Amino acid sequence: DTAVSQTPKYLVTQMGNDKSIKCEQNLGHDTMYWYKQDSKKFLKIMFSYNNKELIINETVPNRFSPKSPDKAHLNLHINSLELGDSAVYFCASSQGRGTVWDFGPGTRLLVL
Amino acid sequence: DQQVKQNSPSLSVQEGRISILNCDYTNSMFDYFLWYKKYPAEGPTFLISISSIKDKNEDGRFTVFLNKSAKHLSLHIVPSQPGDSAVYFCAASARGGSEKLVFGKGMKLTVNP
């Protein structure tokens with residue numbers, strides 16, 4: 001009965017490949033996010049969608065493309081993976097400011 | 001440009017004692033603050049929050065204090081338990097801005113039995 005779920009949990013791939021990470025929330029929240037936790041452990045926002053509409057794009061390379069087929073799903077597609085993309089990617093959802101953001105368990109991406 | 005700072009990377013306390021985790025921020029537009037707890041290989045889980053209209057919020061063993069003039073908040077855990085051992089993140093959101101949480105770097109708390 002997971003509130004925010006992500007697949008896969010682990011992803012090991014070669015440089016240059018294209019990969020996708022999927023996220024689903026069953027909380028009925030209107031807004032979903034992708035955060036990246038890099039090797040320095042900072043959690044930084046990448047994208048935010050509200051009801052399938054992109055509202056935040058934080059200077060992320062255009063190799064990263066989010067897609068929201070409906071408000072319960074936010075997927076992240078990454079083209080031409082680079083070594084520096086290795087990180088933990090967290091999906092989150094919320095009902096907006098002043099409420100709690102709920103996070104998924106993370107997807108650990110390792111690019112070799 | 002770190003807008004949310006957790007300057008101490010780690011803290012070790014004895015079980016039963018108080019743990020105090022500190023957080024400073026620079027953006028005066030921040031008006032809602034949250035603390036998250038994170039275990040290894042898991043996502044952050046919400047612990048407690050505080051709005052800028054308050055200076056204290058309490059939930060069981062957890063209390064968050066906000067000092068707006070100093071742009072400082074702290075999380076108090078009393079009494080600390082071994083299960084509290086985790087990384088704690090301070091996060092903030094700004095009024096009038098886009099809906100995003102800005103996180104500190106995190107602080108590792110170890111509670112020794």
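A quick note: this is a predicted structure, and the numbers were derived from the prediction, not measured.
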> Would a line drawn from the ring center of A:F103 to the ring center of A:Y35 be shorter than 6.0 Å?
Replying inline: yes
>> For B:D24, run the side chain to side chain donor-acceptor pair (under 3.5 Å) check against B:Q2, B:K5, B:H72 and tell me which one passes.
In response: B:H72
> Using non-hydrogen atoms only, which part of A:T99 is less than 4.5 Å away from chain B: side chain, backbone, both, or neither?
Replying inline: backbone
>> For A:F42, does the six-membered ring have the charged nitrogen or CZ of A:K44 within the cation-pi criterion, i.e. under 6.0 angstrom from the centroid and within 45° of the normal?
In response: yes
> Between A:Y33 and A:W101, does the ring centroid distance fall short of 6.0 Å?
Replying inline: yes
> Is it the side chain or the backbone of A:Q37 that comes within 4.5 Å of chain B heavy atoms, both, or neither?
Replying inline: side chain
> Relative to chain A, which segment of B:F89 carries a heavy atom at a distance below 4.5 Å: side chain, backbone, both, or neither?
Replying inline: side chain
> Does the ring centre of B:F62 sit less than 6.0 Å away from the ring centre of B:H76?
Replying inline: no
> Contact part of A:L43 toward chain B, heavy-atom cut-off under 4.5 Å: side chain, backbone, both or neither?
Replying inline: both
> Can you say whether A:K9 sits under 4.5 Å from chain B via the side chain, the backbone, both, or neither, judging by heavy atoms?
Replying inline: side chain
>> Which atoms of B:L101 are under 4.5 Å from chain A, going by heavy atoms: the side chain, the backbone, both sets, or neither?
In response: both
> Do A:D70 and A:K52 meet the salt-bridge criterion of a basic N to acidic O distance under 4.0 Å?
Replying inline: no
>> Which atoms of B:A91 are under 4.5 Å from chain A, going by heavy atoms: the side chain, the backbone, both sets, or neither?
In response: neither
